[in-house]
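In what follows, every chain begins at residue 1, and chains take the letters A, B, ... in the order their sequences are listed.
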12 protein chains.
Amino acid sequence: PGAKDVLIANQRLITAIVNKDWATYDQLTSDDLTCFEPEARGHLIQGMEFHKFYFDNLPENAGSVNTTILDPRARMLGNVAIVTYVRLTQFMNDKSPQTSRSEETRVWHLVGDKWVNVHFHRSGAPSAPTS
Amino acid sequence: PGAKDVLIANQRLITAIVNKDWATYDQLTSDDLTCFEPEARGHLIQGMEFHKFYFDNLPENAGSVNTTILDPRARMLGNVAIVTYVRLTQFMNDKSPQTSRSEETRVWHLVGDKWVNVHFHRSGAPSAPTS
Amino acid sequence: PGAKDVLIANQRLITAIVNKDWATYDQLTSDDLTCFEPEARGHLIQGMEFHKFYFDNLPENAGSVNTTILDPRARMLGNVAIVTYVRLTQFMNDKSPQTSRSEETRVWHLVGDKWVNVHFHRSGAPSAPTS
Amino acid sequence: PGAKDVLIANQRLITAIVNKDWATYDQLTSDDLTCFEPEARGHLIQGMEFHKFYFDNLPENAGSVNTTILDPRARMLGNVAIVTYVRLTQFMNDKSPQTSRSEETRVWHLVGDKWVNVHFHRSGAPSAPTS
Amino acid sequence: PGAKDVLIANQRLITAIVNKDWATYDQLTSDDLTCFEPEARGHLIQGMEFHKFYFDNLPENAGSVNTTILDPRARMLGNVAIVTYVRLTQFMNDKSPQTSRSEETRVWHLVGDKWVNVHFHRSGAPSAPTS
Amino acid sequence: PGAKDVLIANQRLITAIVNKDWATYDQLTSDDLTCFEPEARGHLIQGMEFHKFYFDNLPENAGSVNTTILDPRARMLGNVAIVTYVRLTQFMNDKSPQTSRSEETRVWHLVGDKWVNVHFHRSGAPSAPTS
Amino acid sequence: PGAKDVLIANQRLITAIVNKDWATYDQLTSDDLTCFEPEARGHLIQGMEFHKFYFDNLPENAGSVNTTILDPRARMLGNVAIVTYVRLTQFMNDKSPQTSRSEETRVWHLVGDKWVNVHFHRSGAPSAPTS
Amino acid sequence: PGAKDVLIANQRLITAIVNKDWATYDQLTSDDLTCFEPEARGHLIQGMEFHKFYFDNLPENAGSVNTTILDPRARMLGNVAIVTYVRLTQFMNDKSPQTSRSEETRVWHLVGDKWVNVHFHRSGAPSAPTS
Amino acid sequence: PGAKDVLIANQRLITAIVNKDWATYDQLTSDDLTCFEPEARGHLIQGMEFHKFYFDNLPENAGSVNTTILDPRARMLGNVAIVTYVRLTQFMNDKSPQTSRSEETRVWHLVGDKWVNVHFHRSGAPSAPTS
Amino acid sequence: PGAKDVLIANQRLITAIVNKDWATYDQLTSDDLTCFEPEARGHLIQGMEFHKFYFDNLPENAGSVNTTILDPRARMLGNVAIVTYVRLTQFMNDKSPQTSRSEETRVWHLVGDKWVNVHFHRSGAPSAPTS
Amino acid sequence: PGAKDVLIANQRLITAIVNKDWATYDQLTSDDLTCFEPEARGHLIQGMEFHKFYFDNLPENAGSVNTTILDPRARMLGNVAIVTYVRLTQFMNDKSPQTSRSEETRVWHLVGDKWVNVHFHRSGAPSAPTS
Amino acid sequence: PGAKDVLIANQRLITAIVNKDWATYDQLTSDDLTCFEPEARGHLIQGMEFHKFYFDNLPENAGSVNTTILDPRARMLGNVAIVTYVRLTQFMNDKSPQTSRSEETRVWHLVGDKWVNVHFHRSGAPSAPTS
């Protein structure tokens, strides 16, 4: 399981976030996932409840959101991988198109033969489009 | 009744605030509760009426608010406990997710075998989500 | 008729303002009442017509406004009393709670056995909640 | 026809403006009225058409506007009078009360036995309430 | 055909703009009309298509717009005239009156016995009221 | 000792403030003077120390400050007087002239044959010119 | 003494202001001059002291200020004249040129054979350049 | 196939964008089109998916948008052409007309006998009108 | 050791802060002092090093700072005391006086016969004057 | 004397402005030159004094200003020419380069065999660099 | 080499940054270090040159900067460690104290017996104090 | 001469800009270079004079500027190359580090055996650091 596999896992994770697919998200992340992200207002978040809020409450965007992953890279350190990329999110705000950008680092751990996301750090725009 | 008990009482109090459960809030707080909070515009508030306004008037948020208590600590000084924590409140503003943050100190007093909140100090965001 | 009485009169006056009870307001104030207040844009107001505008035009707030009088004091100078206090007004702006604050001085005159408000000076927020 | 008369004429003019009573306004003003006012964006206005626009287009405010004339003075120079005053206009903007203030100079000319307004200069707020 | 004629033509042109009367506008202007105006964002516009957009798309203002031409002057240079004036436009924005101001230079050319506008330069506010 | 006397005392007090003449200020005010003023950030100030700070620390303005008292009035209530006025302060800020305005209420008490200021309320600009 | 004379007097007055020539200013104005101007923050000023402050305190601008009087008009009402004009003041702010504009009305009274300014009203920019 | 042809192709491309005609746009652009544009927030975009989002999601503007191409130039370098122009877009925002401006460089490649757009760079306003 | 003693200790602590007297500050506070304050940007501070920075680096204000403690209260819970007050700090910023305000809660613990500050919470302005 | 000549004259005029060469400027312009420009705050300027202020007061920029004339055009109407162009001015503001842009129309008149500028209209940035 | 060792290495790295000690910084980081940080304006930085700029150019802060590491944690994944913490930086800006805050993730790799920082991600404030 | 050569030429060009080396810059660019860049305020620049202004006037930055070229790519179209990259410029503003970012497209033409820059388009920050 090399760089290619972890990038595939990473892409599946992003797709799950975009589609609000909690089952896949939950399966690809560690229960004790930690993160820094703009939504956390300067504090480290531990566990899944904070993230589940967005899956439960965000409205459907059906078709009007497009996510572009720029320059994805996986740095392999044995059974750990550091994935970095820039995420552009295009969405419609009323009738006006918007693009938000964030920089993301995700650290993946190979547990058995499965890559699990154990930590991430996002800066820039929050994950969900905000009007 | 030690640190564990007072943290449980503190968590029940926060749950009561989130759920707008006045009966529980009233039971866990002293009638002569004092506080400094952003809502008080620089003055010490005494008694319960000021707080009851929020229980009576805030709209129902049913399900779309999530409260995270970060790093809760209880410092025990005999039958007094100083509880400190950071509170993150996730909520939906129209269709857009928001997070507000406040730092809170609550001083609890053990009266008989029951912990009672006698003073609190909040800084940062007000307790209720504000759009 | 001492400090206690004038504070009671003062409290009745504030209650009349909150309840838009013109009859009581009119009875507790001198016909040639003078005032400085934010609504007057830097000029001294004389008489009652300026104030009556608010009683006639402000919408009903039924239940969703709470007034707190902080630190009321009466300084007795014979048949004149200087009452000072800070007024906090909690109200709902759409679904979001707000607090406004003003500092108020009211000068009362004992005419016969009745206290009459002859001058007031308010700074800070206007008397009526403004969204 | 002295200061008292011209102040009465001035008050009638203001009442005509508030009530959108064009007939009275037209009768009290000279056909070649000149003015500087905020609505004119830095230029001298001559004649009546500019002013008539407001009479024709402003919505009815029926009852919810109160005009206070502060410190009216008439300086008599033979058959000419300089009237000065500050005008406060209280009005409701949605459900929130507002006060606008303007300083006004009006020059009146005694033609026969009738006072006619030949020039005015207003600074501060425009004549009509603006939300 | 002197200054008086060109000022009349100029007034007809402004009336055509206010009334969205394309036929008259088209007749009074040269096909290769050039202009600088705020709407053109710093570039010279050539021809009629740019201007026709406003005739085709602006909403009807029927009655609630008043245009005042201040200090119109025509400088005659043989069969060319430079017309300058300030234009005030009063209009209702929701229920609130507004005034916009622009400074305009129009160069007219006498072709046969008819004055034709060949170039204009407007600064200040755009031609159409903008809310 | 009537209205005239208290207005003279009031003027002496203002002159003392302008001149930073502590001895006169101290003599004309009660030791337990109370006040609301912008400098106090929403709290009632008691006693003299708060005020003395300005006498001790403000720089000399020698000649470049002019104070105008507009419309001073004294309302007599036996041995108490309510003095109201608007204060304009002209001063030089670098090389540019400024005017600040405040509305002031001062309550005076006749003790023996001497008027003593026992309370004041200022709104608008602070007492000292601020650049 | 007709329109021409009063315009000359008016021009002399403006020149006196620009040159900080108090003697001429004093001679051309009535001792009980009244005015509304931006420097007065919404109040009528009476007398000369307020104006003298500027003569005493403004710095010398020797040569680097240019005043343009646009469209001066005198409306004659017997021995009273209403003079209106727009004043542009060009000045250097550090090394950068600025222009300020004000609209002014001045009422002149013919006393004996001399025109005296008895009231003025200025809106727009203050009289002195402000950086 | 010279400058004239490539300018025709360029104009067809812009028309396709304005009309949201994906088939034509797709035919005139290279599959590995690259671009810098404001929508991309500082990153190079590769391929077609990013652009297709706008064709799929932008609302119809039917008739109320006008595009002006200013000063189009084609610089021929053999089978490569650099096309530069400024684009003005007039559109209605509610009832108010707006103009946005962008500067655009498009590099075209002659493949066989057909010009294909391989790279573009836009600065200034985004391509779609934004309210 | 009652309320009076703890208020004295609290006053000594504030004096030590104002005077930058580290020895006294150190003696009155617990080594494991905790706090929330604006300077900590939303995080709980533990220990003394964070505070010592201010003692080491703040400039001398010698004489030009005045601290007013408003409405100090001590709530006694056995050998624990909750002290609340509002602190006003007057200081000179260049030549202009400023006032900053903070609300403070300090929890004191009686260790042997000595009161020790174990936790504080400040909201509003930071402790040191900031220009 | 055709388009070429008038463009040369126009270029000489701009060079004179940049170089603060009053003699040349004076020679190329009509004594009764009129203009609209940002410096005139919405009013038509007549004559030369207003412009001379800049020649007399602007500091020397020796070498650190560069003027670019974009897209100059002359439209010939017999002995009258309408010259249009965009002017870019690069200059150093402290150590930071700036560019300002203006759109300009200049109307030239052939008097004898000499082109004279009789009117101009500038929008956008003022003529002189402003920091 | 466990969590304790990597936290020590991490602390040494921060100390090196604070002290501008390039030798130590260089020794603790991988030559192909990658990072996202606010200074990089949304792009991934690779290698050391970008970072060295700060070591070469930042001024000495000798003693007036204090760094606090809050809640440092090391998550061990074999020979990889994810270190997270919040960094507070106190510094003097002129004479006024400031605090900046950043959230940081650093990924360390155990190479031989030495921990090397291979990637970091900072959000919030830049690393160096900015006035 | 392939992609490698053109990237080397491109790097030399950037180095020349950073070093203010006009001779090299001049040699690597076409005399009829065209460009769109923020400095040009929405207009196409032709020729070298506009660019030379920066070489002549920008201050020396000796050592305190660092330029990073991110993700440089050369797309080869026969003897034409499209080079794209993101440029980060780190510089010191007073004592505070700054980073500016621009996106750049440069089109190179192979003339003989030498690559010459014929057009560029920059968006984002201007080329020179601006404080």
Check the side chains of K/His119 and A/Thr84 for a donor-acceptor pair under 3.5 angstrom, ignoring hydrogens and angles.
->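 Side-chain D/A pair, A/Thr84 to K/His119: absent.
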Sub-4.5 Å side-chain heavy-atom contact between K/Thr34 and A/Arg73: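 With C-beta onward as the side chain, the pair stays apart.
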Closest heavy-atom pair, K/Tyr85 versus A/Phe36, reported as atoms and distance to 0.1 Å, is O-CZ, 3.6 Å
Practice task
Kindly give the heavy-atom pair with the smallest separation between K/Arg75 and A/Ser30, and that separation in Å.
Solution key: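 So the minimum-distance heavy-atom pair works out to NH2-OG, 3.5 Å.
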Select one option (side chain, backbone, both, neither) describing which atoms of [X] are under 4.5 Å from chain A's heavy atoms.
{"X": "K/Ile82", "result": "side chain"}
{"X": "K/Ser102", "result": "neither"}
{"X": "K/Arg41", "result": "backbone"}
{"X": "K/Asp32", "result": "both"}
{"X": "K/His121", "result": "both"}

query = For A/Glu104, is it the side chain, the backbone, both or neither that has a heavy atom under 4.5 Å from a heavy atom of chain K?
reply =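 The backbone, not the side chain.
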> Which residue out of K/Val107, K/Asn79, K/Val86, K/Leu77 racks up the most heavy-atom pairs below 4.5 Å with chain A?
Replying inline: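 The residue among K/Val107, K/Asn79, K/Val86, K/Leu77 with the greatest pair count is K/Leu77.
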Separation between CZ (K/Arg122) and CD (A/Glu103), nearest 0.5 Å, reads 13.0 Å
TODO: For atom CD of A/Gln27, decide whether the heavy atoms of other residues, nucleotides or ligands shown that lie under 6.0 angstrom number more than 12.
DONE: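 Atom CD in A/Gln27 is crowded, with more than 12 foreign heavy atoms closer than 6.0 Å.
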